[in-house]
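Here is the structure we will look at, set down as structure tokens.
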Amino acid sequence: MDVSRVLDPLNDAQRQAVCAPAGHIQVLAGAGSGKTRVLVHRIAWLLQAEGVSPYGILAVTFTNKAAGEMRSRIEELLGIPASGLWVGTFHGIAHRLLRAHWKEANLPQGFQILDSEDQLRSVRRVIREMGLDENHYPPKETQWYINGRKDEGQRPDHIDCNNDPHLRQKIEIYRAYEAMCQRNGVVDFAELLLRAHELWLNYPQMLQHYQQRFHHILVDEFQDTNTIQYAWLRMLAGDKGCMFAVGDDDQSIYGWRGARVENIHQFSKDYANTSIFRLEQNYRSTGNILKAANSLIENNTERMGKNLWTEDGEGEKIRVYGAYNDLDEANYIAEQILSWIEDAGLRSECALLYRSNAQSRVLEEALIKNSIPYRVYGGLRFFERQEIKDALAYLRLMNNDQDDAALERIINTPTRGIGNRTVEAVREMSRSGGMSMWQALWRLQEEKTLPARALGALSNFIDIIEELKVSTQELGLGETIEHVIHHSRLRSHYEKEKGEKGRARIENLEELVNAGRSYSVEDFDDELPEMDELSAFLSHASLEAGDNQADEWDDCVQLMTLHTAKGLEFKQVFLCGVEEDLFPHRLSADDPVRLEEERRLCYVGMTRAMQRLTLCYAEKRRLYGDDKYTRPSRFIKELPAELIEEVRMQGYVAPAMSASRGSGYKSNIKEENETGLNLGQRVMHQKFGEGIVMNYEGQGRHARVQVNFEGVGSKWLVMEYANLMLC
DNA sequence: ATATAGAATCTTTTT
DNA sequence: GATTCTATAT
């Protein structure tokens with residue numbers, strides 16, 4: 001078999017990893033070192049050189065996008081469809097297993113998936129039903145807690161409350177929520193993974209079957225795996241399976257949602273015979289960008305250690321722009337992009353990356369002012385839109401009348417005279433009678449204890465749903481959706497909404513009909529056992545919330561958070577708002593572990609750049625309402641001065657604030673301001689006593705300082721009269 | 001059932 | 001400061 005197509009495009013390190021003999025293999029793949037390429041070629045190698053059957057291979061990723069890309073690149077390399085091969089996300093594969101073994105997993109055949117929003121509503125409902133105070137048990141936090149436990153593989157019974165009454169109550173909420181999901185026949189995202197794990201735990205012979213089948217397990221972005229995912233992988237690999245894990249500890253930026261970089265270290269402990277390969281040759285960025293990124297990340301302890309290098313030249317220096325304020329920062333970036341375009345560059349080659357979404361606004365305004373087309377990534381995705389979720393809720397309820405979350409969503413949408421009081425009565429009946437809300441509706445009809453008007457409205461709702469069920473029985477998916485949107489009166493409801501928003505909603509609903517028309521179960525899964533079209537479509541909607549990405553054919557500047565940028569590359573990158581408290585974010589700055597994650601985030605951002613990298617900071621920024629004085633991020637100070645070129649806007653006079661100009665780069669970073677006071681400095685005032693300097697504006701004698709006094713609160717004082725003393 | 005006012009919140013996000 | 005949710009009044 002000629003494997004030159006598989007091996008020729010690889011460098012030595014890549015080839016060694018790809019051709020490594022069967023066993024446990026870990027590939028530490030630096031940014032831009034050909035991580036996906038190694039995975040794809042490894043699979044091709046197994047198939048073509050090792051004679052492994054496609055049925056024996058499982059490749060796991062985190063996002064649908066990554067899974068799709070991997071599959072298409074394999075097919076491109078092999079020149080044939082990669083059928084039989086399992087490539088999917090952790091959640092997608094867990095879902096597939098649960099569908100195939102729904103009985104053993106103790107789920108109804110038509111179980112559905114709760115997305116985070118549905119989950120939050122359900123948790124809130126449980127808390128209310130338990131008669132607990134939502135201020136004492138905030139639903140968001142409780143949801144977070146439940147997911148955290150599930151990610152660690154813990155059921156309520158596994159958790160020790162340590163005699164902490166608050167914790168004990170949280171565990172009870174978890175238990176009640178779980179019971180409710182079970183009654184309703186729904187599972188949340190974390191539950192998919194946990195159940196899939198428990199499924200194998202409870203059915204060893206089933207596990208054995210999968211162990212024999214999937215002898216080769218490949219994992220992408222291994223540093224992002226959480227406890228349950230790693231436990232699941234280890235279980236599947238068993239004694240005989242071979243795991244091929246690719247990851248980069250320096251790009252671990254999802255610790256805050258349960259990812260455990262430690263799994264990388266744990267891997268080589270769990271499998272003593274692990275072969276480790278390092279990919280350090282970078283094919284993306286210039287030498288200077290890599291050198292700067294390397295020196296930044298060296299400030300982290302807890303590293304596997306890695307040094308990126310390139311065969312290409314040094315390239316330009318890293319630009320650092322110290323702006324006067326956030327507007328100035330945005331204008332500077334806009335001007336730079338204009339000149340990039342003038343030099344025949346494309347807008348789509350430029351990316352503006354920021355730590356938090358709130359920063360995009362000022363940037364957008366500057367781009368609009370300069371007539372530069374742009375696209376903001378992130379935000380609501382198709383299947384998460386209100387009108388889409390409304391329509392899907394009708395379908396969900398028609399599909400499974402146990403689904404209380406769906407019923408609650410649409411019982412009065414569009415409004416049909418079922419007010420809060422009536423809904424409360426339905427909830428009460430469902431709770432006391434131990435039945436679903438749908439059953440409660442029928443029971444209330446029989447009992448006739450409610451006022452006639454409420455009963456009428458409820459019976460009207462029942463009729464609508466029953467009518468929809470009957471009249472769509474013979475219809476295809478697209479026609480069913482169309483029928484539902486029309487006869488539920490969702491369409492006319494949204495048509496009444498005025499302006500651009502209403503029109504967009506109608507368009508989305510029409511798009512949903514199209515999505516239904518073009519959807520086919522085969523699309524979704526060729527190996528999935530008997531599942532009706534509607535259930536499959538609904539699962540698809542939850543598992544793949546759709547695109548929120550820019551149209552690639554449009555030539556526009558790309559705006560996104562640093563997290564979103566992972567895995568992407570751009571010729572020119574601007575990191576915006578590289579300031580203390582913003583990046584590293586103030587909520588992470590105090591904890592050394594989280595600070596290191598912020599630094600890795602900066603590393604990820606820098607290594608997105610191919611040719612030109614500009615870091616921007618502002619000295620003054622409007623944040624949460626008022627103007628805050630800011631200081632350049634410590635990350636800037638961690639870059640070697642010789643790699644940096646400080647840039648200033650042409651003809652721009654630096655404000656007195658940053659007058660101190662020394663020889664080295666570092667000395668140019670403002671530590672002190674015109675008032676002679678540092679932010680955070682303790683001061684004493686004759687009348688108000690001791691306080692801390694929070695903010696300042698203006699210069700010289702007219703400067704004003706904001707001081708937060710103990711007991712008295714925060715005051716603005718004019719320096720000239722305040723007579724503040726340091727203490 | 002809707003409108004309006006007041007309060008709370010303001011990192012990062014995929015499935 | 002801006003947005004988004006919640007409570008209250010009409």
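Note that this is a predicted model, so its numbers are computed, not measured. To find a chain, count down the sequence lines: A is the first, B the second, and so on, and within it residues start at 1. Values below: every heavy atom of this structure, side chains too, minus hydrogens, waters and symmetry copies.
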Ignoring hydrogens and angles, answer whether the base of B:dT11 and the side-chain atoms of A:His585 contain a donor-acceptor pair closer than 3.5 Å.
no

Looking only at the side chain of A:Thr63 (C-beta and beyond, no hydrogens), which of the listed nucleotides B:dT15, B:dT11, B:dT2 gets closest?
B:dT15

What side-chain donor-acceptor pairs closer than 3.5 Å can you find for residues 254-264 of chain A, not counting sequence neighbours?
residue  : atom : partner  : partner atom : Å
A:Trp256 : NE1  : A:Ile253 : O            : 3.0
A:Asn263 : ND2  : A:Thr225 : O            : 3.2
A:Asn263 : ND2  : A:Thr225 : OG1          : 3.0

Just by distance, no angles: are the side chains of A:Asp188 and A:Gln143 close enough, under 3.5 Å, to form a donor-acceptor pair?
no

Once the angle between the rings of A:Phe62 and A:Phe90 is folded into 0 to 90°, is it parallel (under 30°), tilted (30 to 60°) or perpendicular (over 60°)?
tilted

Students often mix this up, so state it plainly: with edges at 30° and 60°, are the rings of A:Tyr519 and A:His540 parallel, tilted or perpendicular?
tilted

Taking only side-chain N and O atoms of A:Asn357, does any of them lie within less than 4.0 angstrom of OP1 or OP2 on B:dT13?
yes

Can you measure A:Ile113 atom CD1 to B:dT15 atom C1' for me and round it to whole angstrom units?
9 Å

Protein proximity profile, nucleotides 2-10 of chain C - base contact B, sugar-phosphate-only contact S, no contact -, cut-off 4.0 Å on heavy atoms
SS-------

Please confirm whether any donor atom in the side chain of A:Ser116 sits under 3.5 Å from an acceptor in the base of B:dT15, or the reverse.
yes

DNA chain B-proximal residues of residues 249-261 of chain A, any heavy atom under 4.0 Å
A:Tyr254, A:Trp256, A:Arg257

Assign A:Asn64 to base, sugar-phosphate, or nothing according to its heavy-atom contacts below 4.0 angstrom with the strands shown.
sugar-phosphate

If you go through the side-chain atoms of A:Arg594, does one of them form a donor-acceptor pair with the base of B:dT12 closer than 3.5 Å?
no

